[in-house]
Amino acid sequence: MECSAYHAQSAVSGENVKWTGTEWPSAGVLPEPHSLTGCVIGFAFLFWLLVTGGRTQCELNCIGGVCVQTPDGRWECRCAPPLVLINGQCLPCPIPCVGGRCEPDFNGGAVCVCPFDTSLVNGVCIPNRQLCEERCINGQCVLWNNIWQCRCPDGWELIIDRCVDVKGQCDRECVNGFCVRNTNTGQWECRCYPGFEFVLGRGCVQIDYCGTGPPKCENGLCFNIIGGYRCQCSPGFEPTPDGRACVPTQETICKQNCQGGTCLWDITLGQYICNCPPGFRLLNGMCTDIDECLNPTLCQNGRCVNLPGSFRCECNPGFRPTPDSMGCVEIVSPPTCQCTGGFCLLVNGIFRCVCPYGFELQGPSTCVDVNECVANPCRGGDCDNFPGGHVCLNCLPNYQLAPDGKSCIGFNPRPPPLPQPIGFPWWLLFLKDF
């Protein structure tokens, strides 16, 4: 006879057991079912197997404990507290578990299960708020979504359960700058003032404008300042209005364009001008000789010869130079003309004694030297008279010898200082009562 299939769960292995009345699962340990006849007897034996087999297996793996049958028919090993079932034996909890419940794990060991709102720290179940307050240094514990969290003050940051003054640290490191919070990362960052740049580990350091980029302050020295640099110029140069370059001074520019002449400060024009010697003119930055012989009125009855700064007349036969050498006159030697130190000249049909330059006629026929020093032509120096002329010597400071050597010319080598404003005479206010 064949019974309908019946399903049950083995208390030994926990697997499903299927019995049809003719065949048992290969995992069973019962005798061959062919000696059993009838479905009733088979069912009764199966029930005996599930009950007695599960309890036996439980007792084999419950040393030191008690096997108890659960309402669903399973057998479980119960250990007396605080023992815990580990590898079929009721043993003391092998791990520290103060304030919690020691339970076996799936690896043959044990775990400490703490009550709600507590956490396991070094084998002790500590309330989460207490744990938070112990760890939340410089902060405040706040309950958020049933979890105690450490909240830090503004400018502080939670780093490993500790509130660190990141803004204060930023402020200490950010000398010559200011700290701002990055809206993307939330971190405090150092922003340097103009003229400074951030260097890791050093904070904001002054930018070396003089030492970076192209060379600066040619013809001078470069000095860094906050936000830029300034030039200290060498003699003959002056800084530009922005102080970032050195350019030649007016005097230097004048000297560069006054070869053969002298640069003098013109008070009226307020600038340096080039003063060329007599007989020269300024042309393309150089004092160039003037060719007086281009004037056709010079040296009549003769030939003009140009000299540096002057000229002379070479007269035709029968003519001689005039006393100033700027012309030629006919030579006449009347026997009745007497002229000591000079020469006779026919003027309007009358012979006259003409003295050379630097001499004067004394009496009707004698030329004597003129003492030019009497007129003090060397103001600012010493005058030395000689026959036919004079020369100036030892010009005083701020004076210089004229190119012809006959006078001392005053000059101002530097621009005169600007007149200082005169303050208001406040003492006049106190005279109203007098």
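Everything numeric here is computed off the predicted structure, so don't read it as measured data.
Residues passing the salt bridge (charged side-chain N to carboxylate O under 4.0 Å, His left out) test with E197, sequence neighbours excluded: none. Remark: R320 engages no residue in a salt bridge (charged side-chain N to carboxylate O under 4.0 Å, His left out) (not counting sequence neighbours). When the salt bridge (charged side-chain N to carboxylate O under 4.0 Å, His left out) test is applied to D324, no partner is found at least two apart in sequence or on another chain. Listed by chain and residue number, nothing satisfies the side chain to side chain contact (heavy atoms under 4.5 Å, CB included) test with N284 (two or more places apart in sequence, or in another chain). Scanning for salt bridge (charged side-chain N to carboxylate O under 4.0 Å, His left out) contacts around K255 gives E251, with sequence neighbours left out. The ring-ring contact (aromatic ring centres under 6.0 Å, His included) test applied to F178 returns Y193, not counting sequence neighbours. When the side chain to side chain contact (heavy atoms under 4.5 Å, CB included) test is applied to L83, the partners found at least two apart in sequence or on another chain are C79, C90, P92.
The salt bridge (charged side-chain N to carboxylate O under 4.0 Å, His left out) pairs that include a residue from residues 292-314 are R303-E314, R312-E314, where partners are two or more places apart or lie in different chains. Identified under the side-chain hydrogen bond (donor to acceptor under 3.5 Å, both in side chains) test for residues 204-220, with sequence neighbours left out: D208-N224. Residue pairs meeting the salt bridge (charged side-chain N to carboxylate O under 4.0 Å, His left out) criterion with at least one partner in residues 77-99, sequence neighbours excluded, are E76-R78. The list of salt bridge (charged side-chain N to carboxylate O under 4.0 Å, His left out) pairs with a residue in residues 91-110, not counting sequence neighbours, reads R101-E103.
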Per-pair distances, 0.1 Å, donor-acceptor, side chain in residues 367-378, under 3.5 Å, sequence neighbours excluded:
| residue | atom | partner | partner atom | Å |
| --- | --- | --- | --- | --- |
| D369 | OD1 | G388 | N | 2.8 |
| D369 | OD2 | N385 | ND2 | 3.0 |
| N371 | OD1 | C373 | N | 3.3 |

